[in-house]
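I have placed the structure first, in the form of structure tokens, so that the comments after it can refer back to it.
Nothing here was measured: the structure is a model prediction, and the numbers come from that model. To find a chain, count down the sequence lines: A is the first, B the second, and so on, and within it residues start at 1.
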Amino acid sequence: MLEVKHIRAHQSDFIEALKKRNFEAEAVFESILKLDDKRKATQKQLDEILSESNTLSKEIGMLFKSGEKEKANELKAKTAGLKEDSKRLGEEMSQAAAELQALLYQVPNIPHASVPAGKTEEDNQEILREGEVPTLPKNALPHWELAKKYDLIDFELGNKITGAGFPVYKGKGAKLQRALISYFLDKNTQAGYQEVQVPLLVNEASGYGTGQLPDKEGQMYHVGNDDLYLIPTAEVPITNIYRDDLLTEKDLPIQLTGYTPCFRREAGSYGAHVRGLNRLHQFDKVELVNIVKPEDSYQVLDQMVKHVQGLLQELELPYRILRLCGGDLGFTSALTYDFELFSTAQDRWLEISSVSNFETFQANRLKIRYKDAQKKKALVHTLNGSSLALPRVLAGLLENYQTENGILIPKVLQPYTGFDLIA
RNA sequence: GGAGAAAUGGCAGAGUGGUCGAAUGCGGCAGUCUUGAAAACUGUUGAGGGUCACACCUCCGGGGGUUCGAAUCCCUCUUUCUCCGCCA
């Protein structure tokens, strides 16, 4: 959520910048500023009335104490009108505030200067491509065939237990996935992140805090009885750890990593590319979250990109990094780098990580602030990224490491799996 | 799930319906003393809105109510604790 004072100060710049997202901001901004003015003016009137009635109440108290009952009753009569006014103004004010809030929720984050204009993923900017695409054996299979051949993942079983998009991992498939989780968490903690385990269900306030609500309501599973949401990413519970907190400079940076299953309804995204592990309703992911001082955030973003690159290099998987264009950029993000893994057998790129700087957009909703050296309060910057989304890494490993004798296991994972070949 | 108790500032902990944004202690910050540190002493120390800055307004778990006036009374929700039951 943008800050009104920033909209006021940079109105035309913001309008221009939001065009990169194909978001027409002029009218919304005007309404926002108007409502903010109204809110302030109403608040001022209300304050004056409250002030007057506070004074009167005190006088009445004094008069009762000194036994001047009649005078007190006279003053009492005067308060009736004030009460009515304050009630009316109070309602006006909270209505203006609510309308303002609703409008602010509609405005996406201002894209960073380096974000390319564009409408679809076609316009994303490839900034790096690395890793060798292996030459596969003649009869190379896509991962869903491999999963079946070696009995690693059972998709039909998931259908029976739950429904489409909830696979059952078995044997070496399950173990390989567990190995990846441990490997990622170890690498992350070695890089200075603190490991956390967080709830998989969150309340409404948390959903609003990180921006899944209200914009992506339909994408989350909702538990109606208790009005809770299954997390679509660990970003939600982890970032919300610090909701409403006023931190000190010493607390920063905060670097957290956590493994969680993620649940996504993926409403409306059925179609060609959902086979196998490509798109699931439940999947595992290890997440990185950074809470930092504003002046550090872009340096930290680069560090996160380097860190994720390191993982892919160690796994020896071919990947590329994209800078997302305005049209593809997430609602809350100012700058996002997507990592895509090349799925050799499918001959296509699979998104496996998304590393973003939200600047103050989430912090403003979450009310995460800190006191700087001059004891001034300011919103922090939040960042997050996946390290990594498991099923697609698994898909990439199966496909790219397949040989005629079976599927090889990358060296760095062997200590975790305890085997070096799936045959 | 049943019965009871509670929720106050970073923490601990007072608070009779009427200058209570709130005693006191600890912690934090600044200073005095000291070669330095500790101790001791002195001062300072919640958040949001508003203002150039004051003034002023709001906030004592959340929401609602009674009252001229609520941290204090009533209703409701949530959470925590104790006991009982159930249970990974």
Among B:G49, B:G48, B:G69, which nucleotide sits nearest the side chain of A:S57? B:G69
For the side chain of A:K40, counting heavy atoms from C-beta on, which of B:G49, B:C68, B:G50 is nearest? B:G50
A:L50 has its side chain closest, among B:U67, B:G18, B:U58, to B:U58
Protein-nucleotide distance (A:R365, atom CZ; B:G48, atom P), rounded to Å: 20 Å
Give a yes or no answer on whether the side chain of A:Q362 reaches the backbone of A:T210 with a donor-acceptor pair at less than 3.5 Å. yes
In whole angstrom, give the distance that lies between atom CD1 of A:I60 and atom P of B:G17. 19 Å
Assign each of A:E52 and A:K87 the nucleotide of RNA chain B bearing its closest heavy atom; nearer the 5' end lies the nucleotide of A:E52
Base partner of B:C86, which must satisfy Watson-Crick or wobble distances under 3.5 Å: none
Are the side chain of A:N109 and the backbone of A:F358 linked by a donor-acceptor contact shorter than 3.5 Å? yes
Going by purine N1 to pyrimidine N3 plus the second Watson-Crick contact, or the G-U wobble pair, all under 3.5 Å, which nucleotide sits opposite B:G9? none
Using purine N1 to pyrimidine N3 plus N6-O4 or O6-N4 for Watson-Crick, or N1-O2 and O6-N3 for G-U wobble, both under 3.5 Å, which nucleotide pairs with B:C59? B:G46
Do any side-chain nitrogens or oxygens of A:N54 fall under 4.0 Å of OP1 or OP2 in B:C68? no
Does the ring center of A:Y208 lie less than 6.0 Å from the ring center of A:Y105? yes
Check the distance between B:C57's C1' and A:E48's CD and give it to me in whole angstrom. 10 Å
With a 3.5 angstrom cut-off on both distances, give the Watson-Crick or G-U wobble partner of B:G36, or none if there isn't one. none
So which nucleotide does B:C41 pair with, by the Watson-Crick or G-U wobble rule with both distances under 3.5 Å? B:G31
Give a yes or no on whether a salt bridge exists between A:E3 and A:R8, defined as a side-chain N under 4.0 angstrom from a carboxylate O. no
Side-chain atoms of A:F64 come closest, of B:G18, B:C57, B:A47, to B:G18
Output the single nucleotide from B:G49, B:A47, B:C68 whose closest atom is nearest the side chain of A:K371. B:A47
Closest to the A:K83 side chain, choosing from B:C68, B:A47, B:G49: B:C68
Complementary nucleotide for B:G69 - Watson-Crick or wobble, under 3.5 Å: none
Does a side-chain N or O from A:R369 land closer than 4.0 Å to OP1 or OP2 of B:A47, or not? no
Rounded to whole Å, the NZ-C1' distance (A:K5 to B:U51) equals 14 Å
Taken to the nearest whole Å, NZ/A:K250 to P/B:G27 is 15 Å
For A:Y298 and A:H112, I'd like to know if the aromatic rings sit close, meaning centre-to-centre distance below 6.0 Å. yes
Taken to the nearest whole Å, CD1/A:I49 to C1'/B:U58 is 15 Å
Counterpart base for B:G4, defined by Watson-Crick or G-U wobble contacts under 3.5 Å: B:C81
Heavy-atom donor-acceptor pair, A:T189 side chain to A:D186 backbone, under 3.5 Å: yes
Tell me whether the side-chain N/O atoms of A:K78 come closer than 4.0 Å to OP1 or OP2 in B:C68. no
A:D244 CG - B:C59 P separation (whole Å): 18 Å
Distance in angstrom units between A:D37 CG and B:G50 P, rounded: 11 Å
Nearest-nucleotide 5' precedence on RNA chain B, A:D36 against A:G61: A:G61
Does B:U51 have OP1 or OP2 sitting under 4.0 Å from an N or O in the side chain of A:K44? no
